[in-house]
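Working notes for the structure below.
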Amino acid sequence: MNILEFRSLFRKNLFSKFELNEIDFIYKNLLKSFFCFEPTVLGLNPKTNLNKTQQSKLNHALSLIKKDYPIQYITGTTKFHDIEILVNSNVLIPRPETEELVNWAIESIKDDYNIYDLCTGSGCIALALKKNNPSITLTGIDISKKAISVAKKNSQNLNLQVNWIIQDINKINTNKSSIDLIISNPPYVYPTERKNMHPRVLDYEPSIALFTPISDPIYYYRFCISFAKKSLRTGGKLFLEINPNYIDEIENLLMKSNFSNVILKRDFNGKKRMIRAEKYE
Ligand SMILES: C[S@@+](CC[C@H](N)C(=O)[O-])C[C@H]1O[C@@H](n2cnc3c(N)ncnc32)[C@H](O)[C@@H]1O
């Protein structure tokens with residue numbers, strides 16, 4: 001089979017799940033990632049033959065996509081804030097709204113800042129910040145050893161120095177108030193919201209990266225805020241990606257914890273998705 005015939009096979013098998021342009025995008029992405037074929041090959045050399053090994057690789061990918069397996073886990077990479085991030089099923093696939101959180105934080109970052117990224121996962125936030133300003137010191141923390149191993153690979157590939165720590169944020173301690181900025185996209189899906197989630201997320205992304213305990217929808221924010229209260233310098237800032245359903249609870253907790261200048265920001269879908277607060281004293 002040639003690459004054009006294989007594209008027809010993808011279109012035929014995936015039309016019920018994706019728009020035509022999405023299928024073509026996925027197919028080109030696979031050709032590029034598996035065989036380094038440029039997207040123009042379909043137009044310029046549509047009769048390029050695929051050997052048996054190439055065909056079986058594409059067939060395997062197609063069978064996974066039909067079962068809703070995320071394309072990013074098949075290719076093993078995704079783009080985040082202009083950097084290429086390695087991902088596997090041990091880490092959340094970075095989301096566009098998190099890029100917006102990064103952009104917002106960048107507006108407050110000055111040279112030589114000391115920054116912590118709590119619940120770092122693939123390390124995407126920490127790495128995007130470090131790439132943007134190499135003078136800053138970054139520490140990324142996650143409870144998952146497997147996630148930190150992905151984050152380490154990412155920092156090696158991108159040649160960006162970050163201190164990676166395997167640690168439960170519930171147990172991090174510091175006796176210094178020396179951090180300039182803390183950022184986090186913690187797990188924030190309340191378990192009853194799972195009915196609204198796509199199988200692509202629910203079945204394949206790590207639940208430890210997604211869900212809060214049933215007993216407490218703002219469980220992870222409590223630890224982020226308490227750590228920020230202890231370890232941010234006066235005037236230091238906390239940036240959090242949030243679940244729009246629990247804004248009041250998070251805002252109240254910030255107020256009670258002596259944070260001021262609390263500002264909410266909407267994402268590209270118009271949802272209140274980020275919050276920024278400043279340590280008051
Ligand atoms: C929503 S993901 C965010 C990953 C990445 N920062 C991003 O924005 O794509 C949440 C991360 O929190 C980590 N996590 C869950 N519970 C934790 C805990 N108690 N302490 C530290 N990290 C935790 C998970 O392993 C996961 O990597």
Side-chain angles (χ1 to χ4, degrees), residues 70 72-73 76-106 115-131 138-155 158 160 162-174 181-191 193-194 197 200-202 204-228 231 238-244 246 250 267 273-275:
Q72 293 90 335
Y73 289 159
T77 62
T78 191
K79 275 254 185 280
F80 181 83
H81 209 266
D82 285 342
I83 50 177
E84 183 107 322
I85 293 283
L86 300 179
V87 288
N88 64 26
S89 56
N90 297 306
V91 296
L92 188 91
I93 298 163
R95 304 292 203 268
E97 45 273 39
T98 309
E99 292 180 300
E100 296 186 71
L101 180 73
V102 165
N103 284 333
W104 198 23
I106 283 173
I115 299 178
Y116 273 57
D117 171 23
L118 308 180
C119 300
T120 194
S122 62
C124 58
I125 296 178
L127 292 162
L129 294 178
K130 181 75 181 172
K131 170 94 182 171
L138 240 313
T139 304
I141 297 178
D142 202 286
I143 197 171
S144 158
K145 201 173 161 184
K146 289 180 175 167
I148 289 292
S149 137
V150 174
K152 277 186 182 162
K153 274 196 204 117
N154 275 318
S155 61
L158 294 160
L160 295 169
V162 173
N163 310 310
W164 302 112
I165 301 177
I166 303 164
Q167 174 77 276
D168 186 338
I169 55 162
N170 173 357
K171 303 203 172 96
I172 34 172
N173 232 328
T174 171
L181 189 144
I182 295 173
I183 186 164
S184 183
N185 173 23
Y188 62 66
V189 183
Y190 192 59
E193 295 176 279
R194 63 166 51 234
M197 291 165 74
R200 200 172 303 130
V201 178
L202 210 48
Y204 300 110
E205 294 200 76
S207 25
I208 191 179
L210 298 169
F211 295 107
T212 69
I214 192 89
S215 56
D216 187 1
I218 62 162
Y219 179 83
Y220 292 100
Y221 296 101
R222 293 188 196 285
F223 300 112
C224 291
I225 292 170
S226 122
F227 176 67
S231 56
L238 172 65
F239 286 81
L240 298 168
E241 187 169 319
I242 53 170
N243 182 333
Y246 298 100
I250 296 168
D267 66 15
R273 179 70 68 190
M274 296 153 251
I275 200 161

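Both counts, for ligands and for their atoms, begin at 1 and track the order of listing.
- Nearest non-hydrogen protein atom to atom 20 (N) of ligand 1 is Ile169 N, 2.9 Å.
- The two residues Ala126 and Asp117 have their closest heavy-atom pair at N-OD2, 3.4 Å.
- In terms of heavy atoms, Arg273 sits closest to Pro244 at NH1-CD, 3.4 Å.
- Of the heavy atoms in Tyr188, none comes closer than 4.0 Å to ligand 1.
- Here the side chains of Ile148 and Val150 are not in contact, with every heavy-atom distance at 4.5 Å or above.
- Among the atoms of Asp142, some N or O lies under 3.5 angstrom from an N or O of ligand 1.
- Ligand 1 has no atom lying under 4.0 Å from any heavy atom of Phe223.
- Leu138 has its side chain out of reach of Asn163: every pair of non-hydrogen atoms, C-beta onward, lies at least 4.5 Å apart.
- In this structure, the side chains of Leu118 and Pro186 stay at 4.5 Å or more apart for every pair of heavy atoms.
- The distance criterion of under 3.5 Å between nitrogen or oxygen atoms is not met by Pro187 with respect to ligand 1.
- Each of Ile143, Leu92, Ile169, Asn185 was compared with Cys119 under the side chain to side chain contact (heavy atoms under 4.5 Å, CB included) criterion, and only Ile169 meets it.
- When each atom of ligand 1 is checked for a heavy atom of Ile208 under 4.0 Å away, the hits are 15 (C), 24 (C).
- At under 3.5 Å, a nitrogen or oxygen of Cys119, whether backbone or side chain, sits near a nitrogen or oxygen of ligand 1.
- The Leu92 neighbourhood of ligand 1 comprises atoms 1 (C), 9 (O), with distances under 4.0 Å to a heavy atom of that residue.
- Residue contact check: Thr98 has heavy atoms under 4.0 Å from atoms 8 (O) of ligand 1.
- Contacts between Gln167 and ligand 1 below 4.0 angstrom, taking non-hydrogen atoms only, involve the backbone exclusively.
- Of the protein's non-hydrogen atoms, the one nearest atom 22 (N) of ligand 1 is Ile143 N, 3.1 Å.
- Comparing Ala209, Ala147, Cys224 by heavy-atom distance to atom 2 (S) of ligand 1, the nearest is Ala209.
- A salt bridge between Lys131 and Asp82 is absent, with no side-chain N of the basic residue lying under 4.0 Å from a carboxylate O of the acidic one.
- Here Leu118 has no heavy atoms under 4.0 Å from ligand 1, in either its backbone or its side chain.
- Classified by interplanar angle (parallel below 30°, tilted 30° to 60°, perpendicular above 60°), the ring pair Trp104/Phe239 is perpendicular.
- Between Asn185 and ligand 1, an N or O atom pair is found at a separation short of 3.5 Å.
- What you find for Ile93 and Pro70 is that their closest heavy atoms are CD1-CB, 3.5 Å.
- Checked against the 6.0 Å centroid threshold, Tyr246 and Tyr221 do not count as a close aromatic pair.
- Those atoms of ligand 1 with a heavy atom of Pro186 less than 4.0 angstrom away are 1 (C).
- When only interatomic distances are considered, the shortest N/O to N/O separation between Thr120 and ligand 1 falls below 3.5 Å.
- The Cys124 neighbourhood of ligand 1 comprises atoms 7 (C), 8 (O), 9 (O), with distances under 4.0 Å to a heavy atom of that residue.
- What you find for Tyr190 and Ile214 is that their closest heavy atoms are OH-O, 2.6 Å.
- Summarising the contacts of atom 16 (N) of ligand 1 with Tyr220, Phe80, Phe211, the nearest heavy atom is found in Tyr220.
- The ligand atoms of ligand 1 that sit less than 4.0 angstrom from a heavy atom of Asp168 are 18 (C), 19 (N), 20 (N).
- In plain terms, the two heavy atoms of Phe80 and Arg95 that are nearest each other are CE1-O, 3.8 Å.
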